[in-house]
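Note sheet for the following structure.
A note on names: the letters A, B, ... follow the listed sequences, proteins ahead of strands, and every chain is numbered from 1.
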Amino acid sequence: MSRKLPKSFYLRDVLKVAPALLGKKLVIAGETGIRKYIITETEAYQGAFDLACHASKGKTARTEVMFREGGILYVYLIYGMYWMMNIVTSVENDPQAVLIRGLDKVKGPGRLTRQLELDRSFNGESLVDSSRIWLEEGTEPSKILTSPRIGIDYAGEPWVSKHWRFYLPDEELF
DNA sequence: TCAATGATTTTG
DNA sequence: AAAATCATTGAT
């Protein structure tokens, strides 16, 4: 079973896509062959008004990717050493993205990109057209937990207290 | 608890 | 043009 997610999956609002990504398979074709991971933790960043979202202060060279049509990756460096992997959602000029925070075998957004060998070259990569990374249908999770997002205290209220982090309970993992 | 470490963004 | 700011991690 390996059904690739269609482009329409990504064109919805980020608050719909973020929880929908849980249980889906992230497929990456590296030099060592094809590897698959179950997505277990995501965070939603909802564009223009969300002060925790990089795109809230307007379009810049870095955030330009988020303003494009959904279904592509937004990859960037944080704290000088960790790549963050985000999936852009919604339509053009509606800057939204989902941060992939955890996979079944890897916890932590910085560690998972290192494990995947993700780097700058994946920025702007299409998950619909690419032959080295894409998403597939997975198992429907029976239970989804939510919490405030992590590491965005600088955004202030009301954003710090919004429950836009979605994750699966430990016993749900494979 | 805090140093490492660098691209991006702004004088917090 | 310089300085602060981070969607973090891991070692002390």
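- Among the heavy atoms of the strands lying under 4.0 Å from A:Ile152 are primed sugar atoms or P, OP1, OP2 only; no base atom is included.
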> Please walk me through it: do A:Tyr74 and A:His54 pass side-chain hydrogen bond (donor to acceptor under 3.5 Å, both in side chains)?
Replying inline: CA-CA 11 Å; A:Tyr74 168 43; A:His54 291 162; 3.2 Å; yes
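- For the pair A:Arg62 CZ and C:dT5 P, the interatomic distance rounds to 15 Å; values are reported in whole Å.
- For the OP1/OP2 pair of C:dT8 and a distance below 4.0 Å, the side-chain nitrogens and oxygens of A:Tyr82 include no atom meeting the criterion.
- A donor-acceptor contact closer than 3.5 angstrom links the side chains of A:Glu136 and A:Trp134.
- Side-chain atoms of A:Asp13 and A:Gln46 form a donor-acceptor pair, as typed in the model, at a separation below 3.5 Å.
- Applying the 4.0 Å criterion to OP1 and OP2 of B:dT9, one finds that A:Thr60 has a side-chain N or O inside that range.
- Note on A:Arg120: every side-chain N or O is 4.0 Å or more away from OP1 and OP2 of B:dA7.
- Contact annotation for A:Arg149: no contact, since no heavy-atom pair falls under 4.0 Å across all strands.
- Residue A:Gly110 is in sugar-phosphate contact alone, with no base atom involved, counting any heavy-atom pair closer than 4.0 Å across all strands shown.
- Both tests do not hold together for A:Arg114 against A:Tyr82: distance to the six-membered ring centre under 6.0 Å, angle to the ring axis within 45°.
- Listed pair A:Arg114 / C:dG10 meets the phosphate criterion, a side-chain N or O lying under 4.0 Å from OP1 or OP2.
- Taking atom CH2 on A:Trp83 and atom P on B:dT5, their separation rounds to 16 Å, with Å as the unit.
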